[in-house]
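Below: one structure, written as structure tokens.
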Number of protein chains: 2
Amino acid sequence: MMEAKRKVRGRDAALSRTQIVKAAIVILDRDGEAGLTFKALAERLATGPGAIYGYIANKDDLLAAACDAIVANVMQGRKECADPFDSIKAFAVGIFDAIDERPWVGAALVRLPGQSPLVRVLDAVGQDIRALDVPADREWASTMAVFNYIVGVGGQHAANARLAHSKHWDRTEMLASLARSWSDLDAEEYPFAQSVAPQLSNHDDRADFLAGIEFILVGIRTCSRLIV
Amino acid sequence: MMEAKRKVRGRDAALSRTQIVKAAIVILDRDGEAGLTFKALAERLATGPGAIYGYIANKDDLLAAACDAIVANVMQGRKECADPFDSIKAFAVGIFDAIDERPWVGAALVRLPGQSPLVRVLDAVGQDIRALDVPADREWASTMAVFNYIVGVGGQHAANARLAHSKHWDRTEMLASLARSWSDLDAEEYPFAQSVAPQLSNHDDRADFLAGIEFILVGIRTCSRLIV
DNA sequence: ACCTGAACACCGTTCAAGT
DNA sequence: ACCTGAACACCGTTCAAGT
């Protein structure tokens with residue numbers, strides 16, 4: 001017991017914001033959003049819940065800080081690409097993979113507006129769009145289109161993972177359950193969902209995500225009449 | 001006091017699921033997601049919190065039902081369009097306007113995977129995409145792209161509204177505050193966000209949303225080599 | 001100055017007791 | 001059969017008391 005605590009915080013080591021955020025990430029990775037409570041966090045840090053408030057304003061602040069650490073990490077791993085289109089795709093996939101690995105990041109991104117992680121993502125997309133030499137009056141809309149798409153997929157991904165976690169399902173069981181409920185739908189009321197149910201179990205989230213990014217980028221390119 | 005209650009539920013009128021959902025929507029519209037508690041809902045229905053569980057499984061179920069009522073309403077108001085592209089745009093704008101009017105719908109859409117409101121939206125998009133005669137292997141990806149974008153914008157919209165509500169800001173104050181914090185950013189670290197801050201206050205969310213839909217649709221059309 | 005942890009104000013949900 | 005509302009288990013957050 002004592003040893004587990006010492007691993008995180010030395011006997012006399014002072015608390016710090018980064019220490020707290022690091023512990024929060026461990027809990028989020030292990031138990032998801034629902035598992036991150038101030039009680040659990042304090043326990044891991046071998047202190048009382050009140051101590052955390054010396055470094056963290058509130059739970060949203062904590063979630064934003066944890067999310068920011070992950071997003072900043074994706075940022076750092078970014079490679080330089082000759083083609084800005086490739087650069088956007090690489091970055092988008094980076095964010096997707098991070099969310100895929102840690103679904104709580106997706107949930108935090110949709111829920112915490114104007115916070116630093118979101119600005120980081122928006123700015124990265126904006127820089128690449130700017131490098132495309134999109135007409136000035138299309139720059140903002142183009143950036144927002146890509147940004148909103150990334151955040152939207154992230155949110156859905158997070159919600160799916162949360163559901164799967166709460167029902168103790170893996171990905172296969174999750175898709176099977178969805179396919180089952182969709183094939184039970186009324187074909188009159190939900191013709192598309194009903195008909196697409198059988199294909200559901202063997203589709204690739206990552207490929208779908210990339211295809212969507214591709215559509216948006218091609219749309220931006222076509223609308224802006226960019227030569228590539 | 002008593003009169004206010006009678007308006008919602010007659011002296012001896014039995015409780016019903018639709019009655020409960022209707023009351024929930026009133027509360028959500030007035031006080032947002034945070035305002036919807038079983039206590040507040042029971043008070044409005046002139047009953048105890050426990051009674052609600054006879055008709056509603058849990059809070060997610062309640063939220064999904066409320067959301068579904070709104071989405072179904074958008075569905076019903078849908079006009080037939082000769083051009084499937086116009087049909088998608090009209091539907092997307094319908095959802096956008098519904099979320100704009102009731103931000104909690106956006107939050108519910110991102111958070112409740114596989115629930116009926118989401119399936120409704122997905123199916124509507126899928127039907128229109130199918131009407132475009134997109135190649136079969138692109139149908140799913142095309143549908144998901146539009147769907148994810150709509151849900152993503154909805155989620156962001158909801159988060160913004162929640163923030164504005166909690167700080168008692170209107171839209172102008174919200175944008176002004178965002179513009180201020182973005183212009184204070186480090187131009188080295190956030191070149192795009194920093195430079196775009198001044199334009200922030202006079203942009204049109206709805207126009208941005210439509211521009212994004214346009215990009216995606218043009219992308220789908222171009223990738224599928226559809227003649228229009 | 002910083003930590004501690006009991007206390008507070010709230011949730012969603014349950015369930016024995018009433019009608 | 002349905003409602004009632006106290007009770008339960010749990011949150012985030014605060015703050016007086018300790019070191």
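Lettering of chains follows the sequences in order, A, B, ..., and the numbering in each one begins at 1.
Look at OH on A:Y53: it is 15 Å from P on C:dC3, rounded to the nearest Å. One interatomic measurement links the two molecules: CG of B:L15 to C1' of D:dC2, which rounds to 9 Å at whole-angstrom precision. The nearest whole Å value for the distance from the CD1 atom in B:I52 to the C1' atom in C:dT13 is 11 Å. As a whole-Å value, the separation of B:L63 CG from C:dG12 P is 11 Å. Regarding B:Q19, its CD atom lies at a distance of 12 Å from the P atom of D:dC3, rounded to whole Å. Here the P atom of nucleotide D:dC3 and the CD atom of B:E43 are 18 Å apart, to the nearest Å. Distance CD1 (A:I56) to C1' (C:dC3): 16 Å, rounded to an integer number of Å. D:dT4 atom C1' lies 14 Å from atom CG of B:L45, rounded to whole Å.
Relative to the side chain of A:K59, the nucleotides D:dC3, D:dG12, C:dG12 differ in distance, and D:dG12 lies closest. Distance from the side chain of B:A51 is smallest to D:dT4 among D:dT4, D:dT13, D:dC11. Of the candidate nucleotides D:dT13, D:dC3, C:dT13, D:dT13 has the atom lying nearest to any side-chain atom of A:N58.
Within 4.0 Å of A:L36, counting heavy atoms only, lie sugar-phosphate atoms of the nucleic acid but no base atom.
With a cut-off of 3.5 Å on both Watson-Crick or G-U wobble distances, the partner of D:dA7 is given as C:dT13. Pairing for C:dA1 goes to D:dT19, judged as Watson-Crick or G-U wobble with the two contacts each under 3.5 Å.
Positionally, the nearest nucleotide of DNA chain D for B:G50 lies more toward the 5' end than for the other of A:A57 and B:G50.
B:S195 and A:R130 form a side-chain donor-acceptor contact under 3.5 Å, judged by distance and modelled atom types alone. Donor-acceptor pairing under 3.5 Å is recorded for the side chains of A:Q127 and A:D123.
Between B:D100 and B:R206 no salt bridge is recorded (no basic side-chain N to carboxylate O distance below 4.0 Å). Using a cutoff of 4.0 Å between basic side-chain nitrogens and carboxylate oxygens, A:E189 and B:R120 are scored as salt-bridged.
Residues A:S87 and A:R78 form a side-chain contact, since some pair of their non-hydrogen atoms from C-beta on lies under 4.5 Å apart.
Phosphate proximity of D:dA1 to B:Y55: absent, as no side-chain N or O sits under 4.0 Å from OP1 or OP2.
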